[in-house]
Amino acid sequence: MSTARIRAHRRLQAFRIAVFVLLGLFFVVPLGSMAAYSIRVPGGGRTLEFWKQLGQDPDLRGAIVTSLELAFLTVALMLVLLVPTMIWVRLRVLWMSRVVEFLCLLPLTIPAIVLVVGLKGVYAWVTYFFGDSSLTLTFAYVVLVLPYAYRSIDAGLASIDVITLSEAARSLGANWFTVITRIVVPNIGSALLSAAFISVALVLGEFTLASLLNYNNLQVVINLLGKSDSQTSVAASLASLIFAFVLLVMLSFVGRRRSARRATIVIAPAPQPMKEG
Amino acid sequence: MSRGVRRLAPALGLVPFFGYLTIFLIIPTIAVVVGAFVEKDQASLSNIKALGDNVVLRTLWHSIVLSAESAIIGAVLGALLAYAVVTGKPDGLLRRTVTSACGVLAQFGGVTLAFAFIATLGFSGVVTEAGRDVFGIDLFGSGWLFGLKGLTLVYTYFQIPLMVIVFLPSLDGMRVQWREAAESLGATTWQFWRYVAGPLLLPAFLGSTLLLFANAFAAYATAAALVSQGSPILPLLIRNALTSEIVLGQSHLAFALALDMIVVVVIVMTLYALLLRRTSRWLR
């Protein structure tokens with residue numbers, strides 16, 4: 001290597017270290033501050049008092065349960081709605097695949113704050129039929145998680161030969177229901193798992209729809225709590241954040257295992273729009 | 001059975017899916033567009049006219065400035081971070097850690113993010129107090145964190161990781177051979193970036209910036225948790241219009257404002273799609 005090359009290399013290394021350290025600080029400091037804020041005592045000292053509050057505050061406990069129930073119901077409804085549809089599209093109605101894809105990715109381009117304006121009218125009917133429960137948010141959340149779930153499941157289906165599998169099963173006498181539930185679904189397990197993970201993470205962090213449709217979920221209650229007891233609310237935020245972190249890191253491992261088998265893109269859980277490759 | 005029926009019959013399996021999306025996605029979207037042209041149960045242009053009101057225009061302008069600032073800062077810093085990542089080992093631990101962290105942090109928003117910054121730079125935030133006690137400087141100021149400047153800073157927190165995710169593939173598409181070819185022809189580093197890499201990456205960079213713009217423009221939860229007084233940006237004005245019956249003398253203003261947002265997002269995303277088509281020609 002010439003001296004000029006070596007100098008350029010050193011300069012690059014210095015640049016990289018500077019970028020990692022400075023941006024690393026920018027990302028770590030707020031998280032560290034949250035942790036420090038949630039355990040400090042005014043005037044000095046530390047306490048875990050506010051973390052204990054998480055399990056004791058009745059509103060917060062109720063909200064945690066509601067949000068977990070919402071996460072579960074959303075995943076269940078999303079899977080029931082999306083999985084058979086997507087398999088069916090690949091098997092029998094391929095000419096509709098562009099339309100289905102377009103509809104699934106559409107929520108990415110419609111901001112939640114816009115959707116909620118239109119949903120107000122629909123929710124008047126939902127309340128009429130299902131009662132005024134926070135759990136009715138499930139219906140809207142399924143739409144919200146649709147693009148992310150679609151991407152995961154689509155990648156899963158692309159990695160197996162759905163047609164051949166189903167033809168084999170059909171020729172052995174399986175009906176369509178058996179093909180979907182016992183042949184295809186077991187083969188896209190990791191894709192379904194990652195769809196479920198990202199859905200849970202999104203539902204647990206959802207605020208816009210719940211607060212503007214006047215329902216209580218975890219984030220709404222944390223936000224309310226912030227006005228009266230800021231330290232407990234910060235502890236709750238950090239707890240929900242850590243939970244989502246763990247879920248999404250697990251997701252990135254599930255995604256990597258699949259992409260190792262097939263050299264495609266990893267499903268980055270990011271709000272990318274519809275046209276990307 | 002005729003051929004047409006045989007072709008269409010399997011499509012019946014899609015009825016539940018389309019039915020569901022009609023109710024919870026299509027109807028709400030149409031309701032927004034139609035609702036913008038209705039006032040007191042009658043067709044009316046008064047809500048659309050109200051969009052020309054000074055308050056609305058100023059709020060829209062704030063939204064655009066906030067989105068543009070956070071998009072540009074996020075794009076530049078995100079691109080630097082992405083470059084720092086690509087120049088490392090392709091399968092190194094560093095790269096895997098950064099991309100995973102970015103995947104998570106790009107999703108990080110809303111109440112939690114707002115509270116993180118309140119715990120950091122709020123009146124009794126950890127960094128604010130450290131600044132006060134140790135350095136004797138007042139970082140809180142007059143509460144800038146809860147205004148547009150604060151929102152720009154807080155939005156940057158999810159914009160940078162998003163930029164890394166969307167820009168990394170383009171940087172990966174750059175070939176070492178291009179650099180070598182340029183060098184063997186006697187190009188300096190500056191010339192390489194100015195005449196080769198720059199022009200190649202520019203469409204991808206601008207496209208990603210537009211995506212970041214749309215992302216910030218659509219964000220609501222973070223701002224809602226951070227700003228409890230006033231409505232400096234469009235999503236918060238929609239909140240105001242939804243929670244109080246009448247704003248600017250209009251009962252359907254929320255619909256018109258939402259339509260306003262759709263128009264901006266559609267324009268930005270169309271530009272994005274056009275740029276992306278240009279990008280994909282070179283960087284595969």
Side-chain angles (χ1 to χ4, degrees), chain A residues 8 12 15-16 19-20 23 27 29-31 33-34 36-37 81 85 88-89 92-93 96 100 103 106-107 109-115 117-119 121-122 139-140 142-143 201 205 207-208 211-212 219 222-223 226 233-234 237 240-241 245 248-249 252 268-273 275-277, chain B residues 10-11 13-14 16-17 20-21 23-25 27-29 31-32 77 80-81 84 87-88 100 103-108 110-112 115-120 125-127 157 160 162 165-166 189 211 214-215 218 220-221 224-225 235 238-239 242 254-255 258 261-262 265 269 272-273 276 280:
Chain A
L12 180 66
F15 160 79
R16 294 184 63 210
V19 167
F20 286 130
L23 286 181
F27 286 105
V29 166
L31 299 177
S33 299
M34 271 179 118
Y37 189 87
L81 197 66
T85 304
W88 195 243
V89 166
R92 298 296 305 274
V93 262
M96 285 297 275
V100 171
L103 280 176
L106 191 59
T109 45
I110 301 178
I113 181 76
V114 169
L115 196 62
V117 174
L119 273 172
V122 173
F139 296 116
V142 169
V143 172
F207 174 77
T208 308
S211 91
L212 289 173
Q219 301 295 330
I222 290 180
N223 189 38
S233 74
V234 168
S237 300
S240 79
L241 184 64
F245 264 35
L248 290 170
V249 168
S252 74
Q272 298 156 42
K275 286 291 174 67
E276 121 282 30
Chain B
L14 301 183
F17 174 80
Y20 190 91
L21 285 192
I23 297 174
F24 290 102
L25 181 62
I27 289 182
T29 311
V32 167
L77 294 180
L80 288 180
L81 181 56
T87 44
S100 293
V104 175
L105 289 173
Q107 287 295 318
F108 179 31
V111 181
T112 325
F115 281 13
F117 273 88
I118 292 174
T120 312
V126 173
V127 172
Y157 199 91
I160 294 176
L162 180 58
I165 294 172
V166 294
T189 305
L211 186 65
N215 189 39
Y220 165 79
I238 295 182
R239 164 175 78 177
L242 277 178
F255 292 86
M261 286 195 75
I262 294 182
V265 172
M269 293 319 263
Y272 172 77
L276 206 69
S280 54

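Since this is a predicted model, take the numbers as computed values, not measurements. Every chain is numbered from 1 and lettered A, B, ... according to where its sequence line falls, protein lines coming before strand lines.
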Over all heavy atoms of both residues, which pair between [X] and [Y] is shortest? Give the atoms and the distance, please.
X         : Y         : result
Trp88(A)  : Pro10(B)  : NE1-O, 2.6 Å
Ala84(B)  : Val19(A)  : CB-CG1, 4.0 Å
Val126(B) : Ala36(A)  : CG2-CB, 3.9 Å
Gly226(A) : Phe115(B) : CA-CZ, 3.8 Å
Ser237(A) : Thr112(B) : O-CG2, 3.3 Å
Ala258(B) : Val114(A) : O-CG2, 3.7 Å

Relative to chain A, which of [options] shows the most heavy atom pairs under 4.5 Å?
options                                   : answer
Ala218(B), Pro28(B), Pro16(B)             : Pro28(B)
Thr120(B), Ile118(B), Ile27(B)            : Thr120(B)
Gly88(B), Gly110(B), Ala214(B)            : Gly88(B)
Ala224(B), Gly125(B), Ala31(B), Ala221(B) : Ala221(B)
Ile238(B), Val265(B), Leu14(B), Val32(B)  : Leu14(B)
Leu21(B), Ile23(B), Thr87(B)              : Thr87(B)

With only heavy atoms counted, which part of [X] is less than 4.5 Å from chain B, the side chain, the backbone, both or neither?
X         : answer
Ser240(A) : side chain
Val122(A) : side chain
Ser211(A) : side chain
Ile222(A) : both
Leu103(A) : both
Leu81(A)  : both

Quiz item: Side chain, backbone, both or neither: which part of Leu105(B) has a heavy atom under 4.5 Å from chain A?
Solution: side chain
Practice problem: Can you tell which part of Thr29(B) gets under 4.5 Å to a heavy atom of chain A, answering side chain, backbone, both or neither? | Solution: side chain
Any side-chain heavy-atom pair of [X] and [Y] under 4.5 Å:
X         : Y         : value
Leu115(A) : Phe24(B)  : no
Val29(A)  : Phe117(B) : no
Ile160(B) : Phe27(A)  : yes

Practice problem: Flag the one option from Val142(A), Val89(A), Asn223(A) with the top tally of heavy-atom pairs under 4.5 Å to chain B. | Solution: Asn223(A)
Self-check item: Max heavy-atom pair count under 4.5 Å with chain B, selected residue of Pro30(A), Pro111(A), Ser233(A)
Solution: Pro30(A)
Quiz item: Roughly how far, to the nearest 0.5 Å, is CG of Leu80(B) from CZ of Arg16(A)?
Solution: 13.0 Å
Quiz item: Can you list the residues that meet the side chain to side chain contact (heavy atoms under 4.5 Å, CB included) rule with Ala119(B), with sequence neighbours excluded?
Solution: Met34(A), Tyr37(A), Val234(A)
Exercise. Would you check if the side chain of Tyr20(B) reaches a backbone N or O of Phe139(A) as a donor-acceptor pair within less than 3.5 Å?
Key: yes
